[in-house]
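My questions all concern the structure below.
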Protein chains: 2
Amino acid sequence: MRVVDVERVRGLPLFCGVSEETFGAVTAGAFLQKFPAGTTLLHEGDPVDFLYVLLDGLVELEGTWNDKETTLAVLRPVSTFIFAAVALDADALMSARTVERSDILMLSGEALRRAMQTDPRFSYAATLELAGCYRGLVRSLKNQKLRGGAERLANYLITQRVRQGGAETFTLPHEKRLLASLLGMTPENLSRAFATLTGYGVVINGPEVTIARPVVLERLAKPDPLIDNHQPPSGTPIGQAEQELWPASRAG
Amino acid sequence: MRVVDVERVRGLPLFCGVSEETFGAVTAGAFLQKFPAGTTLLHEGDPVDFLYVLLDGLVELEGTWNDKETTLAVLRPVSTFIFAAVALDADALMSARTVERSDILMLSGEALRRAMQTDPRFSYAATLELAGCYRGLVRSLKNQKLRGGAERLANYLITQRVRQGGAETFTLPHEKRLLASLLGMTPENLSRAFATLTGYGVVINGPEVTIARPVVLERLAKPDPLIDNHQPPSGTPIGQAEQELWPASRAG
DNA sequence: CGATCCTTTGAGAACCTTCAAAACCGGTGG
DNA sequence: CCACCGGTTTTGAAGGTTCTCAAAGGATCG
């Protein structure tokens with residue numbers, strides 16, 4: 001593992017105030033691995049032996065039932081994921097799969113659980129991390145239950161614009177197929193939702209999106225600080241599944 | 001506060017391995033209050049000063065957007081709620097309201113945050129608590145995104161049957177109006193969903209439900225351990241919003 | 001007993017899904 | 001360079017589900 005990568009892991013909120021000793025103990029048996037796109041890192045229902053840290057690439061967390069799939073979060077660097085299962089030493093409730101070629105660091109769950117019982121600053125950081133992740137999911141659930149498809153998309157676009165710097169036009173961070181699953185609809189429906197937003201000053205050009213009249217779009221979207229998290233979480237490095245979990249910025 | 005109540009709080013997973021000293025510090029400034037039904041304890045967006053512990057009664061957690069409401073969890077004793085917001089000293093993402101007359105213990109958020117930084121066993125317990133709550137929400141989100149209305153209801157009924165002892169007939173724990181909101185549908189639609197389940201051996205008699213042919217109902221419901229949590233969480237006392245958060249048994 | 005709220009039922013509209021097919025895009029191999 | 005292939009994206013039409021509006025019947029509470 002390169003020094004740069006160590007720095008990035010160290011900079012995660014989860015390891016922020018932690019002693020050098022604890023950090024060493026946790027990263028000692030760690031290994032960095034490169035995966036091609038489309039690799040399933042972890043399958044729903046499997047026991048979880050490692051905490052994953054995405055250092056480069058793009059990872060999707062998904063859930064399955066009755067031959068249907070849905071995306072619960074899309075993560076980008078630097079993010080940790082499935083920390084909750086690791087903390088409880090429980091089976092995974094969601095699968096993790098790479099969307100692009102990814103560099104992933106794997107930390108021993110055993111070592112992490114030991115560290116949590118040893119280092120109070122670490123378990124405190126873990127609490128804050130999971131609290132943030134919990135709130136991210138509350139946002140997701142509200143988004144899902146309270147808004148219709150077009151409204152979810154509109155808010156997603158507004159959030160993306162802000163996160164990418166606020167320019168009038170920006171690029172979708174991944175395939176629309178995946179976005180549809182994240183927003184809880186079919187690809188066909190997402191396409192139609194985009195068509196609907198055309199009437200609200202949104203111009204689509206492949207993966208390029210332009211919000212020509214933000215005020216008009218916001219009148220439809222009605223963004224809400226209690227659902228949408230426009231700011232990336234603490235500092236530059238992101239915590240857990242928060243990032244694009246979507247409306248949430250923390251998913252842990 | 002009665003001794004019985006202290007015992008019950010003490011028995012929560014959150015305070016399980018905690019030192020007598022920490023427990024004392026946290027409960028020192030606590031006060032027990034009785035609220036009538038329909039009281040809003042906490043409003044979405046408000047700062048959160050206390051951790052709430054439901055000792056008796058029934059509490060609903062709800063989210064709002066654009067004049068619409070949805071129920072995110074229904075809690076019964078003994079449960080704590082809005083722990084995540086307390087841990088982060090953040091504004092509430094959901095409102096809390098009593099459904100029935102309730103006895104509620106309020107613990108100082110400030111004291112809890114101090115305790116988490118002092119007592120490693122407490123912050124470890126807090127981590128486990130929040131991890132469980134997080135997983136409860138993952139279950140809820142999967143339930144919501146992957147299943148249709150009738151399927152959600154069918155699984156809810158199966159879960160209730162198990163939790164209430166497994167008898168052929170049992171009683172809905174609250175109004176159908178509230179159940180509809182919890183399951184993410186309108187009351188009208190819930191009524192129709194019940195009518196649909198009639199064809200699968202479910203007999204409705206006001207609040208009384210009997211599952212005459214469990215096998216038939218399960219063929220429709222397809223219950224899944226990665227979504228539905230039939231067992232109440234750890235031990236008798238329940239942690240956070242877990243309990244009926246619904247499919248989850250722990251809600252963070 | 002009246003008022004209020006919950007529950008159920010009906011009808012129409014809006015939304016979403018499915019199935020199907022065509023256009024598009026990015027690669028590979030000739 | 002070009003044809004081909006697999007995948008995504010778009011569009012259309014039909015069908016199902018869910019929502020809204022409306023009204024009637026029940027239950028509860030003062």
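Because the structure is predicted, anything quoted here is derived from the model rather than measured. Chain A is the first sequence line, chain B the second, and so forth, proteins listed ahead of strands; every chain is numbered from 1.
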| Which residue lies toward the 5' end of DNA chain C, A:Gly148 or B:Pro187, if each is placed at its nearest nucleotide? |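 In this pair, the answer is B:Pro187.
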| said: Whole angstroms only, please: what is the CG-C1' distance between B:Leu190 and D:dT20? | reply: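 B:Leu190 atom CG is separated from D:dT20 atom C1' by 17 Å.
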| message | Expressed as a whole number of angstroms, how long is the span from A:Lys68:NZ to D:dT17:P? | response |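 So the NZ-P distance, A:Lys68 to D:dT17, works out to 11 Å.
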| task | Would you indicate which nucleotide in C:dG10, D:dC19, D:dT9 comes nearest to any side-chain atom of A:Lys176? | result |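 Closest nucleotide among those given: D:dT9.
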| field | Side chain of B:Glu175 - closest among C:dT7, D:dT20, D:dT11 | value |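 Ranking C:dT7, D:dT20, D:dT11 by closest atom to the B:Glu175 side chain puts C:dT7 first.
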| In whole angstrom, what separates A:Leu179's CG from D:dT8's C1'? |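 Those two atoms, CG and C1', are 14 Å apart.
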| message | Taking atom types as they are modelled, would you say the side chain of B:Arg177 forms a donor-acceptor pair with the base of C:dT4 within the 3.5 Å cutoff? | response |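 Side chain to base: no pair present.
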| request: Check whether the side chain of B:Arg152 and the base of D:dT17 form a donor-acceptor pair under 3.5 Å. | output: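 Side chain to base: no pair present.
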| In whole angstroms, how far is the C1' atom of C:dC6 from the CZ atom of B:Phe194? |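 For the pair B:Phe194 CZ and C:dC6 C1', the rounded distance is 14 Å.
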| Closest to the B:Glu188 side chain, choosing from C:dT18, C:dC16, C:dG10 |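 Given the options C:dT18, C:dC16, C:dG10, the side chain of B:Glu188 is closest to C:dG10.
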| field | Which nucleotide in C:dT9, C:dT17, D:dC19 has an atom nearest any side-chain atom of A:Thr186 | value |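 Comparing C:dT9, C:dT17, D:dC19 against the side chain of A:Thr186, the answer is C:dT17.
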| field | Heavy-atom check, side chain of A:Gln33 versus side chain of A:Ile104, under 4.5 Å | value |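 Result no, sub-4.5 Å side-chain heavy-atom pair not found.
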| field | Validation row: A:Leu146, B:Asn66 side chains within 4.5 angstrom (heavy atoms) | value |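 With C-beta onward as the side chain, the pair stays apart.
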| field | Nearest-angstrom distance from the residue atom CG of A:Asn205 to P of C:dC25 | value |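 Those two atoms, CG and P, are 10 Å apart.
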| Looking at C:dT17, D:dT20, C:dT8, which one has an atom nearest to any side-chain atom of B:Arg192? |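 In terms of side-chain proximity for B:Arg192, the closest of C:dT17, D:dT20, C:dT8 is D:dT20.
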| query | So, do B:Pro77 and B:Leu55 sit near enough that their side-chain heavy atoms are less than 4.5 Å apart? | reply |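 They are not in side-chain contact.
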| said: Is it true that, when you exclude A:Tyr200 itself, more than 12 heavy atoms of the residues, nucleotides or ligands shown sit nearer than 6.0 Å to its OH? | reply: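 No, not enclosed.
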| query | CD of B:Glu151 versus C1' of D:dT17: gap in Å, rounded? | reply |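 Result: 12 Å.
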| query | Taking CG from A:Asn189 and C1' from D:dT8, how many angstroms apart are they, rounded to a whole number? | reply |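 A:Asn189 atom CG is separated from D:dT8 atom C1' by 16 Å.
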| message | Can you measure A:Leu153 atom CG to C:dC16 atom P for me and round it to whole angstrom units? | response |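 From A:Leu153 CG to C:dC16 P: 11 Å.
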| request: Tell me what A:Gly206 touches on the nucleic acid: a base, only sugar-phosphate, or nothing, going by heavy atoms under 4.0 Å. | output: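 The answer is nothing, as A:Gly206 stays clear of every strand by at least 4.0 Å.
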| So B:Phe81 and B:Tyr52, would you call those rings parallel, tilted or perpendicular, with 30° and 60° as cut-offs? |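 Rings of B:Phe81 and B:Tyr52: parallel, under 30°.
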